[in-house]
Enquirer: 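Could you have a look at this structure, given as structure tokens, before my questions?
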Amino acid sequence: MTAVQAGISTREAEVLALLGDHLSNAEIAARLFISVRTVETHVSSMLRKLDAPDRRALAQLAAEWGRAARGGDVTLGLPAPVTAFVGRAQERATLVEAVTAHRQVSAVGPGGVGKTRLALAVASDAAADFTDGVWFVDLVPITDAAMVGAAVASAVGVGEQQGRGLDDSVISALADRHALLVLDNCEHVRDGVAPFVERLLAGCPRVTVLATSRARLMVPFERVHPVPPLSLEGDADSDAVALFLDRAAAVGSPVAPEQRDQVAGICRGLDGVALAIELAAARLPMLGLDGLTEVLSDQLRVLTGGARAADRHRSVRATLDWSVALLDPADRTLLQRIAVFVAPFTMDASAQVAGATMDGLARLAEQSLLSAAPAPGGMRYRTLETIRQYGLEQLAATGELDRVRAEHLRWCLALATELAEDPKSGTGAWRARFDYAADDLRAALGWAATSPEHRADAYALASALAQTAFSRNLIGEAQQRYEQAADLAGDPVPAGAALRQAAAVAGCRMRGDDMYRLYRAAAETARDAGDDAGTARDLATAAATVYRFSGTFADPPSAEQAAALLTEAQSLAGDDPAALAAVALAECGVLSAEAGLPAASSRAERAVELARSSGDPLAHSAALDALAAVQCWAGDTFATAASARQRVDLLAKVPATPAGALERTYALSEAAEMSVGVGDLAAARRWGEELRDLPLLAERGDFATSRLLVADALAGRADGVLAACGRFRDAWGRSGGLHTPTLAVAAAAVAMIHGLRGDDVARSEWLEVVDELDVAPELRAGYSAVFDATVLLHSGRADEAFTLLAADPDELGEWAIWVWRHWYLAARAEAAALLDRPDARDLIAAARPIVTGNPVASAQLDRAEALLDNDSERLRAIAADFEDAGSRYQAARTLSLAGDAAHGSAALAALGFTA
């Protein structure tokens with residue numbers, strides 16, 4: 001089957017290809033310049049068209065099609081279900097009715113009764129009633145109850161949004177969705193499922209949950225539907241017999257019609273339990289019906305007399321006992337040993353851990369004790385959870401459990417180390433390898449962390465898993481694993497290193513409180529190691545965090561607390577270069593209110609010199625950030641921009657560690673912002689594009705696109721703004737509409753573009769976004785005046801524009817005018833010129849020395865002067881200056897002001913603006 005044959009549209013094919021790279025919905029949306037909601041719609045559509053249970057199946061299909069396109073010898077299309085769904089018409093209809101009427105339904109029954117297959121059939125039947133799709137979450141591989149939300153996020157395609165945890169990100173993403181979420185095999189992680197489902201249902205009023213479990217979840221509004229064994233009514237025509245006949249035919253042993261009564265007797269002996277029937281049918285080629293009847297009679301005789309529910313559990317156990325007893329000893333041992341894998345595994349992995357052979361795995365698959373399915377990288381094998389638990393019990397009985405777990409741990413550690421050192425980390429193939437292995441890595445770590453003799457390996461695995469989780473953009477888990485590694489480290493030195501990594505990840509998550517806590521904890525480990533300089537460095541870094549990342553704190557420490565940390569750091573630093581650099585940086589923040597600008601400038605320059613001498617590019621970048629803040633405070637926009645550009649250049653070759661990623665994110669943001677301030681629109685766009693494409697910001701499309709939106713708006717790139725603003729608004733909406741004043745500039749820029757396009761309705765909507773971003777009027781006075789005045793000047797309302805810009809920039813305050821001083825002065829001078837005000841030339845002259853070096857603002861002053869002189873020829877030359885500066889809108893408008901109405905109108909129309 002090809003994409004065309006499957007009815008896949010071109011856009012769906014693009015989405016499918018990116019699913020093959022294991023991208024989240026937000027990452028796909030960013031690549032294709034569409035909304036996350038649109039991606040979700042395409043994914044839901046393909047799940048239905050391709051009859052796929054989940055995103056992993058779609059990713060597998062994408063990989064198969066990709067290999068076929070490169071000439072690989074593969075069978076196109078998803079593999080058909082290994083077995084057909086049989087019977088249960090009444091239970092199926094009842095459950096469909098339940099999930100369409102109630103928000104939380106639990107299908108409850110013993111292991112092996114057929115809950116998973118029934119839930120999948122019900123989900124397929126009910127899919128049309130849920131406009132935003134059906135999502136299937138396999139919880140079998142989850143060994144940590146705290147990872148339930150992560151499993152749901154992976155299935156739904158949601159990544160962690162900075163500033164909130166993964167569970168909150170999932171709930172935010174599904175808040176307005178009308179969807180069915182199937183949580184399969186909840187029993188072993190009920191402590192994680194129950195609170196997650198409660199929060200999900202409270203925060204997502206149109207989401208329905210269908211859970212399968214051996215026991216009810218005990219959550220409010222739960223509707224429990226017991227899943228009975230297959231019906232035995234009708235004897236030879238019962239559902240149980242139909243299942244046996246189907247599975248017998250599948251193994252090449254069809255049953256003659258006259259033998260159905262004998263089959264009915266076998267099914268009655270097995271209590272209609274689906275797994276027991278399937279295992280019995282798999283043995284039919286070897287034993288025949290008579291042999292099955294005799295063996296089962298011997299094995300199941302012990303079941304007489306007990307409660308029926310207990311009998312059903314025991315019938316599965318008894319069937320497993322005799323089915324496994326019929327294996328040769330090597331295959332029996334193999335079945336037990338592969339039970340340590342919690343996720344689908346490869347032949348190579350099972351050979352290393354369990355001594356498996358291809359023939360052995362094939363024989364287990366023939367007996368329905370193991371399933372096999374093609375996957376990228378080769379065939380993958382898996383046992384049903386009931387059989388896996390049975391295998392673990394048998395392995396424990398033989399005394400081999402700890403030894404095989406240790407082999408599994410050794411394999412996991414080798415794989416995690418390889419993934420951590422892989423230079424292709426972050427690519428589609430690397431993501432696929434990680435995703436397939438992650439649950440086994442977590443399971444091995446969970447076991448090793450509680451085993452004293454494996455503590456060193458547990459530390460190493462936690463460290464490698466932290467690094468790979470960060471590369472996979474699972475930043476919440478990365479922080480958790482680094483903290484876990486610190487707890488497992490047997491020495492304060494590696495413990496401190498892990499805590500510093502955890503602190504940097506917390507910064508990437510915009511969790512200032514965690515950053516502060518973790519750097520202080522790192523200081524304590526350094527103190528325990530007798531490392532005064534290290535203690536000073538970490539204490540100073542904690543103090544600096546209070547100021548550098550103040551907007552990321554929920555409960556910021558007081559200035560007195562930060563000062564106390566700095567004082568202690570100063571006393572311990574000695575002559576250590578790294579400690580002195582950290583102390584100097586902290587002084588820039590803690591002492592910033594003292595002695596005014598000259599002292600602050602001196603401190604910042606000293607911090608830069610000490611950081612440069614330390615040889616640490618991250619410390620150097622942080623010090624340049626402090627210097628740029630002082631330069632901006634002083635009103636030296638060009639120096640500020642130069643410092644910001646130096647930071648970006650400095651970080652270009654820094655490895656993609658958490659600390660490097662954090663520093664680079666803020667450096668790109670500030671470099672793009674300051675490039676706008678000096679009119680370097682090409683650089684602003686370049687840095688804005690790099691910021692937009694950072695993997696770390698995939699789920700925060702509002703912040704990721706914010707600088708590019710401003711640069712494109714000022715350049716008159718309406719098409720770019722209209723393409724990116726959807727991602728901005730979509731991400732901001734999914735964040736719960738967080739009050740983030742720093743994003744308001746981008747929203748105001750989008751509003752300006754709509755104003756220039758004559759779309760007053762859209763402009764009003766975006767100005768409402770500015771208001772909702774909770775920006776105080778005094779803080780928006782600079783950029784709002786520039787953007788609003790641009791619209792007013794465009795529409796010939798120079799008088800209103802001048803009124804808006806009448807205040808002197810120095811009256812607006814340093815943070816309000818920030819990077820907007822040049823733009824503000826140039827727009828004010830132009831408004832005065834258009835009004836032919838007596839002070840127009842004075843305003844132009846006063847602005848000249850300030851904006852010199854800013855090509856856009858300088859050209860705007862030139863235009864204002866040419867307008868006063870009524871110099872059309874000069875205006876045409878100035879249009880070329882704007883074009884050279886990258887400001888296509890101002891170039892087109894200049895032609896109109898020069899009296900070249902035809903060319904001006906055409907140029908404006910080509911950009912999407914009204915004349």
Side-chain angles (χ1 to χ4, degrees), residues 32-34 672 675-676 679-686 688-689 692 705 707-729 746-766 786-798 801 823 826-827 830-831 834 854-864 866-867 871-915:
L32 299 180
F33 301 103
I34 56 179
S675 293
V676 164
D680 189 350
L681 298 181
R685 189 166 207 281
R686 182 168 67 255
E689 286 181 324
R692 177 199 63 192
T705 60
R707 301 310 188 200
L708 184 58
L709 284 169
V710 174
D712 276 352
L714 291 171
R717 294 176 176 269
D719 52 349
V721 172
L722 297 177
C725 70
R727 183 184 174 198
F728 177 99
R729 193 160 186 177
V750 177
M752 180 191 77
I753 288 295
H754 285 298
L756 297 178
R757 288 169 54 83
D759 190 341
D760 292 336
V761 173
R763 173 172 164 77
S764 296
E765 290 174 354
W766 278 91
V786 170
F787 291 138
D788 290 346
T790 300
V791 175
L792 291 170
L793 291 171
H794 178 81
S795 57
R797 296 150 66 186
W823 299 87
E830 180 174 321
L834 287 169
N854 181 325
V856 181
S858 294
Q860 194 165 2
L861 290 182
D862 291 343
R863 185 170 66 191
L867 287 169
D871 188 341
S872 298
E873 286 302 316
R874 188 181 178 199
L875 284 172
R876 291 188 182 91
I878 292 169
D881 293 339
F882 277 119
E883 194 73 46
D884 291 341
S887 184
R888 297 186 294 179
Y889 163 70
Q890 295 293 1
R893 182 166 179 267
T894 304
L895 291 176
S896 295
L897 291 172
D900 193 347
H903 285 97
S905 296
L908 287 168
L911 296 173
F913 301 126
T914 60

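Small disclaimer: the values here were computed from a predicted structure and weren't measured. The analysis underlying the following values was restricted to heavy atoms, covering all of them including side chains, and did not include hydrogens, waters or symmetry mates.
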Enquirer: Do Glu689 and Arg707 meet the salt-bridge criterion of a basic N to acidic O distance under 4.0 Å?
Expert: no
Enquirer: List the atom of Ala711, the atom of Arg685, and the distance in Å for their closest heavy-atom pair.
Expert: CB-N, 3.9 Å
Enquirer: Check this for me: does any side-chain nitrogen of one of Asp871 and Arg863 sit under 4.0 Å from a carboxylate oxygen of the other?
Expert: no
Enquirer: Which heavy-atom pair separates Leu861 from Ala826 by the least distance, and what is that distance?
Expert: CD2-CA, 3.9 Å
Enquirer: Can you confirm whether Leu793 sits close enough to Arg893 that some side-chain heavy atom of one is under 4.5 Å from a side-chain heavy atom of the other?
Expert: yes
Enquirer: Under 3.5 Å, is there a donor-acceptor pair linking the side chains of His754 and Ser764?
Expert: no
Enquirer: Test side chain to side chain donor-acceptor pair (under 3.5 Å) on His903 and Ser896; report intermediate values, then the result.
Expert: CA-CA 7 Å; His903 285 97; Ser896 295; over 6 Å; no
Enquirer: Given the rule in the side chain to side chain donor-acceptor pair (under 3.5 Å) test, do Thr705 and Arg727 qualify, once you have shown the distances and angles that lead to the verdict?
Expert: CA-CA 8 Å; Thr705 60; Arg727 183 184 174 198; 6.0 Å; no
Enquirer: For the pair Trp766 and Phe728, name the ring-plane relationship: parallel under 30°, tilted 30 to 60°, perpendicular over 60°.
Expert: tilted
Enquirer: Evaluate the side-chain proximity of Thr914 to Leu756: yes if any heavy-atom separation is below 4.5 Å, no if none is.
Expert: no
Enquirer: If you compare all heavy atoms of Ala683 against all heavy atoms of Ser675, which two are closest, and at what distance to 0.1 Å?
Expert: CB-OG, 3.7 Å
Enquirer: Distance-only, no hydrogens or angles: does the Ser795 side chain make a donor-acceptor pair with backbone N or O of Leu792 under 3.5 Å?
Expert: yes
Enquirer: Kindly determine whether Arg686 and Asp680 satisfy salt bridge (charged side-chain N to carboxylate O under 4.0 Å, His left out), including the steps that lead there.
Expert: CA-CA 10 Å; Arg686 182 168 67 255; Asp680 189 350; 5.7 Å; no
Enquirer: Nearest heavy-atom pair of Gly904 and Leu895: which atoms, and what distance?
Expert: CA-CB, 3.8 Å
